[in-house]
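Have a look at the structure below, then the notes.
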Amino acid sequence: MSVAGCAPSRPLWLLAELTYACPLQCPYCSNPLDYGQIKDELDTATWLRVLREARALGAAQLGLSGGEPATRPDLEVLVAEARRLGYYSNLITSGIGLDAERIGRLRAAGLDHIQVSFQASGAELNDHLAGTRAFQHKLDIARAVKAAGYPMVLCFVLHRDNIDDMDAVLALAAELQADYVELATAQYYGWAWVNRDRLMPSREQLARGEAVAHAWQARLQGRMKIYYVVPDYYETRPKACMNGWGSIFLTIAPDGTALPCHSARSLPGLSFPNVREHGIDWIWNESPGFNRFRGFEWMREPCRSCDEKERDFGGCRCQAYLLTGDASQADPVCDKSPHHGRVLAAIEAAASTPSEKPLIFRNPRNARTLSG
Ligand code: FES
C-alpha cells in the first residue's frame, strides 16, 4: 500500500514467532496471556513459504523467536532456507534447547546472529525469575556462541528486582566478552502488563542505572557496546512503535496469525489474517488489520494536527488501548494526550506497590486463571 506522501511500505523486518512453548516462566514475557490456548503451530512447509513470500516482498531481517525457538526441531531447516533466500537471520533465545553441537549446526546452516537472554547476573535471582534452573546453562551457551565465532550479544530485561544489580550484570557481560549488551527495561505488554506495578522501577532506580551504564560505556569503549533502554512511561513523548503500524514490521505468530506487532492480537474489534489462508502480499498490502492504523488518516486529535506525528506516529497502538481502552487514541505517554495522567497514576501505583507482592509467572496455571 502507498500512504499519501510516503513511499510504499515493505515488511523489511520479519519476526517469526516459531512457538509459544518455552521452559522458562518469565513474569515480563511479551507473549499473550492465553498463549496456552494457541496450540496449532505452523508446520515446516508453511514457515518455508512464509519466508519465501516475505522475502519476495522485501523482507531482509529475520528474527526467530518465540517462546523458545530452539524447541522447534526444524530450526536448522528454516535457517538454511533463510540463508538461501538472502535474509540476515537472528536467533533470539534463552539458550535452553541449544548446546555447542547445535550451535555448530545452526552456524553451518547459515545463521548470522544469536542473542542470548539472561534474567540476572547470578544464579539465585536468574533462576527465580526464570522459574527454573537455567543460569549455568546460559553461561555455557553464551561461551559456546562466542566460541562458534558469533559476536556475543546478551540481553538483560531490567525491572525493579534486578536494575540495582546493573554493575554486576555488566561485569558478567565483560567476563563473557560480550560485544553487545542490551539492557532493556521491561515494556508493559503481555505478562509484564499484568505485573506492571510490581516490575516498574522507580525514577531513582532508573537514574542510578543510567549512571552505571554510562560508567561502563566509558570504561569499555571500543570493546563492548552497551544499550540502555528506559521504560517509556517516564518519557513525555511516545516511542515510534514499530516505526509506525504496518510500516516495516511483520510478525507471524506460532499459529500463523499475521500481526503488525507482537501484541496486536489483543486489540478488540480488529481481525488479523492467517498465513494458512492468505499470501503475505495480500496480508501486508490489502488486509484491513494491517491498514487500520497505517499512515495518518486514522488519527484523532491531538495527533492529527501535531507537528511531531511524522516522528512518533502517535506512539503505540497497543499501549493506547491498554491505557485508555481505545487503540485510536494518542499514546498516553505523550504529555499532549488528555490521558497522560493515567501514565503518571501508573507510576504512582507502582511506587506504592510493595516488593513483597508476588510476581505472576508465565505458566499454564496462571494462563488459565488470567484468560479464563
Ligand atoms: Fe502494538 Fe506498539 S506494541 S503497536
(message) Just verifying a value: how many Å separate Glu41 CD and Glu17 CD, rounded to the nearest 0.5 Å?
(response) 11.0 Å
(message) Whether the side chain of Thr324 engages the backbone of Asp326 through a donor-acceptor N/O pair (distance < 3.5 Å, no angle test) should be reported.
(response) yes
(message) If the threshold is 4.0 Å, N to carboxylate O, is there a salt bridge linking Glu101 and Arg105?
(response) yes
(request) Tell me whether Trp298 is reachable from Leu270 by hopping between hydrophobic residues (I, L, V, M, F, W, Y) whose side-chain heavy atoms are closer than 4.5 Å. (result) yes
(message) Within the 4.5 Å heavy-atom criterion, are Ser271 and Ser287 side-chain neighbours or not?
(response) no
(request) To the nearest 0.5 angstrom, please state how far the CZ atom of Phe293 sits from the OG atom of Ser328. (result) 6.0 Å
(message) Quick one, Arg52 and Leu48 - any side-chain contact, counting heavy atoms below 4.5 Å?
(response) yes
(message) Any carboxylate oxygen within less than 4.0 angstrom of a Lys/Arg side-chain nitrogen, looking at Asp335 and Arg237?
(response) yes
(request) For Asn291 and Asn285, indicate whether the former's side chain and the latter's backbone hold a donor-acceptor pair under 3.5 Å. (result) yes
(message) Please determine whether residues Ile226 and Leu172 belong to a single hydrophobic cluster, defined as Ile, Leu, Val, Met, Phe, Trp and Tyr linked transitively by side-chain heavy-atom distances below 4.5 Å.
(response) yes
(message) Looking at every heavy atom in both Asp112 and Arg83, which two are closest together, and how far apart are they?
(response) OD1-NH2, 2.9 Å
(message) Using modelled atom types and a 3.5 Å cut-off, is there a donor and acceptor pairing between side-chain atoms of Arg102 and backbone atoms of Ala70?
(response) yes
(request) May I ask you to decide if Gln187's main-chain N or O and Arg196's side chain share a donor-acceptor pair within less than 3.5 Å? (result) no
(message) Quick one, Thr369 with Asn366, criterion side chain to side chain donor-acceptor pair (under 3.5 Å). Give me CA distance, side-chain angles, the key distance, then yes/no.
(response) CA-CA 5 Å; Thr369 307; Asn366 288 334; 4.9 Å; no
(message) Whether the side chain of Thr185 engages the backbone of Leu158 through a donor-acceptor N/O pair (distance < 3.5 Å, no angle test) should be reported.
(response) no
(request) Give the cluster check for Tyr28 versus Tyr20: same hydrophobic cluster or not, with ILVMFWY residues linked at side-chain heavy-atom distances below 4.5 Å. (result) no
(request) Take the angle between the ring planes of Phe361 and His128 and call it parallel below 30°, perpendicular above 60°, tilted in between. (result) perpendicular
(message) What I'd like to find out is whether the side chain of Leu183 reaches to under 4.5 Å of the side chain of Leu170, using heavy atoms alone.
(response) yes
(message) Determine whether a donor-acceptor pair (N or O, by modelled atom type, separation under 3.5 Å) exists between the side chain of Tyr321 and the backbone of Ser266.
(response) no
(message) Less than 4.0 angstrom from a charged side-chain N to a carboxylate O is my criterion; do Glu301 and Lys336 meet it?
(response) no
(request) Following the transitive rule for hydrophobic clusters with a side-chain heavy-atom cut-off under 4.5 Å over Ile, Leu, Val, Met, Phe, Trp and Tyr, establish whether Val50 and Ile248 coincide in one cluster. (result) no
(request) For Thr44 and Asp74, test the side chains for any donor-to-acceptor distance below 3.5 angstrom and give the result as yes or no. (result) yes
(message) Run Tyr228 and Met166 through side chain to side chain contact (heavy atoms under 4.5 Å, CB included) and show every step you take.
(response) CA-CA 10 Å; Tyr228 179 55; Met166 250 175 68; 3.8 Å; yes
(request) Measure the spacing between NE2 of His214 and CD of Glu210 and express it to the nearest 0.5 Å. (result) 4.5 Å
(message) Side chains of Leu250 and Phe290, heavy atoms from C-beta outward: is any pair under 4.5 Å?
(response) yes
(message) Would the distance check show the side chain of Arg107 and the main-chain N or O of Ala148 forming a donor-acceptor pair, the cut-off being under 3.5 Å?
(response) yes
(message) For the OH atom of Tyr188 and the CG atom of Asp197, what is their distance to the nearest 0.5 Å?
(response) 9.5 Å
(message) Do Asp255 and Thr257 pair up side chain to side chain, a donor and an acceptor below 3.5 Å, judged on atom types alone?
(response) yes
(message) What I'd like to find out is whether the side chain of Leu206 reaches to under 4.5 Å of the side chain of Tyr234, using heavy atoms alone.
(response) yes
(message) Against the six-membered ring of Phe272, is Arg265 placed for a cation-pi contact (under 6.0 Å from the centre, within 45° of the normal)?
(response) no
(request) Give the minimum heavy-atom separation between Tyr189 and Leu322, together with the two atoms involved. (result) CD2-CD1, 4.0 Å
(request) Please answer whether the main-chain N or O of Phe135 pairs with a side-chain N or O of Asp127 as donor and acceptor at a distance below 3.5 Å. (result) yes
(request) Kindly determine whether Cys241 and Cys261 satisfy side chain to side chain contact (heavy atoms under 4.5 Å, CB included), including the steps that lead there. (result) CA-CA 9 Å; Cys241 197; Cys261 70; 5.7 Å; no
(message) Closer than 3.5 angstrom, by distance alone: can the side chain of Tyr87 be matched with the main-chain N or O of Leu51 as a donor-acceptor pair?
(response) yes
(message) Using modelled atom types and a 3.5 Å cut-off, is there a donor and acceptor pairing between side-chain atoms of Gln205 and backbone atoms of Ser202?
(response) yes
(request) Return the minimal non-hydrogen interatomic distance between Gly86 and Arg55, and the atom names on each side. (result) O-NH2, 3.6 Å
(request) Would you name the heavy atoms of Arg362 and Cys29 that are closest together and state the gap between them? (result) NE-SG, 3.3 Å
(request) May I ask you to check whether Gln319 and Asp232 show a side-chain donor-acceptor distance below 3.5 Å? (result) yes
(request) Validate the cation-pi geometry between Arg294 and Trp284: distance from NZ or CZ to the six-membered ring centre under 6.0 Å, angle to the ring axis within 45°. (result) yes
(request) Assess the side chains of Glu68 and Thr19: does a donor N or O sit below 3.5 Å from an acceptor N or O? (result) no
(message) Do Arg160 and Ser355 pair up side chain to side chain, a donor and an acceptor below 3.5 Å, judged on atom types alone?
(response) yes
(request) Could you tell me whether Lys239 atom NZ has more than 12 heavy atoms of other residues or ligands within 6.0 Å of it? (result) yes
(message) So, applying side chain to side chain contact (heavy atoms under 4.5 Å, CB included) with Leu15, which one of Ile252, Leu62, Thr251 is it?
(response) Thr251
(message) Just verifying a value: how many Å separate Leu129 CG and Asn162 CG, rounded to the nearest 0.5 Å?
(response) 6.5 Å
(message) If hydrophobic clusters are built by linking Ile, Leu, Val, Met, Phe, Trp and Tyr wherever their side-chain heavy atoms come under 4.5 Å apart, do Leu220 and Val153 end up in the same one?
(response) no
(request) Taking the side chain as every heavy atom from C-beta outward, state whether Asp179 and Lys146 have any pair of such atoms under 4.5 Å apart. (result) yes
(message) Would Gln136 and Asp140 count as a side chain to side chain contact (heavy atoms under 4.5 Å, CB included) here? Give the steps.
(response) CA-CA 6 Å; Gln136 184 57 48; Asp140 295 343; 3.1 Å; yes
Which donor-acceptor pairs under 3.5 Å do the side chains of residues 113-122 make with protein atoms, sequence neighbours left out?
unit_1	atom_1	unit_2	atom_2	d
His113	ND1	Tyr88	OH	3.0
Gln119	OE1	Lys138	NZ	3.4

(request) Go through Leu75 and Leu91 one step at a time and tell me if the side chain to side chain contact (heavy atoms under 4.5 Å, CB included) criterion holds. (result) CA-CA 10 Å; Leu75 188 56; Leu91 180 66; 3.9 Å; yes
(message) If I compare all heavy atoms of Ser337 with all of Pro332, which pair ends up nearest, and what's the gap?
(response) OG-CA, 3.6 Å
(message) Taking the side chain as everything from C-beta on, heavy atoms only, tell me whether Leu359 gets closer than 4.5 Å to Leu199.
(response) yes
(request) With the side chain counted from C-beta on, respond yes when His137 and Ser94 share a heavy-atom pair under 4.5 Å apart, and no when they do not. (result) no
(request) State the CZ-CG distance between Arg49 and Leu42, to the nearest 0.5 angstrom. (result) 8.5 Å
(request) Search all heavy atoms of Lys309 against all heavy atoms of Arg304 and return the closest pair with its distance. (result) NZ-O, 2.7 Å
